[in-house]
Amino acid sequence: MGCLTLSATQASAVAPRALPSPAETAAALPVVNMEATVLAAQIDPRRADDTLTPGAKDSVLAVERALQARNLLDARWVDGYFGTTTITAYAAYQRSLGYTGLAANGLPGASSLATLGQGRFTVSRVIKPGPKVQRDGYVVDTRTQAMLTETERLLGRRLVLSQGSYNPGGDPTSAGTHDGGGVVDIKVDGMSADTRTAVARALRQVGFAAWVRSPAQGDWPWHIHAVAINDTDQATQAQNQVGDYYLGFNGLANHRPDDGPRIPIRTWEDYQRTH
């Protein structure tokens with residue numbers, strides 16, 4: 001019988017190893033920061049070069065590798081740069097899941113990103129626009145509504161919309177920017193020039209790309225145009241305006257320098273973490 005007795009070391013060598021728990025498996029996977037990834041998807045397509053969005057490279061690479069594994073993105077574009085080719089690939093992936101319209105706009109949404117990451121990466125700092133709600137007779141999502149409410153608190157005054165979101169074709173002069181979520185126009189009737197600038201500044205503080213628009217710039221009355229950065233329901237035209245804002249432009253087709261109040265650019269989520 002002595003020859004059949006195993007030492008503790010020998011016993012541990014032949015005993016079956018326990019499978020890793022789901023938590024241990026998830027911990028071993030790369031983490032995709034959704035906030036940084038969506039930001040890169042808005043800015044990178046508007047760049048004149050291939051500069052990477054700070055803090056987004058590793059997350060974008062993980063997304064691009066997952067798209068490549070699905071034969072939606074060629075290996076040469078797996079570079080950490082979320083340009084137009086990656087946008088197109090991600091939109092094709094969204095359509096492969098059965099998504100249409102705004103849900104297949106090429107911006108990583110929470111559901112599609114989580115599905116893409118199964119077995120490949122986990123997702124942190126998740127963004128969701130939230131349900132649609134009414135404001136001043138217009139439709140906005142709850143994320144945009146919360147941002148407007150905080151802007152009003154900072155200003156100590158009520159803001160009234162002249163156009164909301166999810167309004168395809170509602171105003172031809174808007175060039176499609178209001179077709180999706182996160183975009184509003186604000187009435188400025190009775191506001192002085194200084195007040196208009198103060199409103200635009202407060203909107204920028206909470207995470208909007210915001211500009212005072214004048215009749216000299218287009219076929220529209222004085223108003224403030226605001227796009228909620230990182231709203232994943234954005235139409236392509238609104239995505240482009242966010243990218244232009246980060247790159248110092250005015251968000252118009254003339255691509256002129258930003259004419260609004262210059263403050264450090266932040267998202268709504270950034271603002272919430274510091275207030």
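Note that the structure is predicted; figures quoted are calculated from it, not measured. Start at 1 with the first residue, then count along the sequence.
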Cationic N near anionic O, under 4.0 Å, Arg46 to Asp244:
yes
Residue set satisfying ring pair (Phe, Tyr, Trp, His ring centres under 6.0 Å) with Phe249, at least two apart, ordered chain then number -> His255
Check: Tyr166 and Leu102 side chains under 4.5 Å, non-hydrogen atoms
yes
Determine, for Arg158 against Glu152, whether the closest basic-nitrogen to carboxylate-oxygen distance falls under 4.0 angstrom.
yes
Centres of the Trp268 and Phe208 rings: under 6.0 Å?
no
Around atom CG of Asn254, are there more than 12 heavy atoms of other residues, nucleotides or ligands at under 6.0 Å?
yes
How would you list all residue pairs meeting side chain to side chain donor-acceptor pair (under 3.5 Å) that involve residues 94-115, not counting sequence neighbours?
Tyr90-Ser112
Tell me, do Leu161 and Leu148 make a side-chain contact under 4.5 Å, heavy atoms counted?
yes
CZ (Arg70) with more than 12 external heavy atoms under 6.0 Å:
yes
Is it possible for you to say whether Val38 and Phe121 belong to one hydrophobic cluster, with membership spreading through side-chain heavy-atom contacts below 4.5 Å?
yes
Between Lys187 and Asp189, is there a salt bridge with N-O shorter than 4.0 Å?
no
Could you tell me the separation between the OG1 atom of Thr53 and the CG atom of Leu39, rounded to the nearest 0.5 Å?
6.0 Å
Is Asp233 salt-bridged to Lys132, cutoff N-O under 4.0 Å?
no
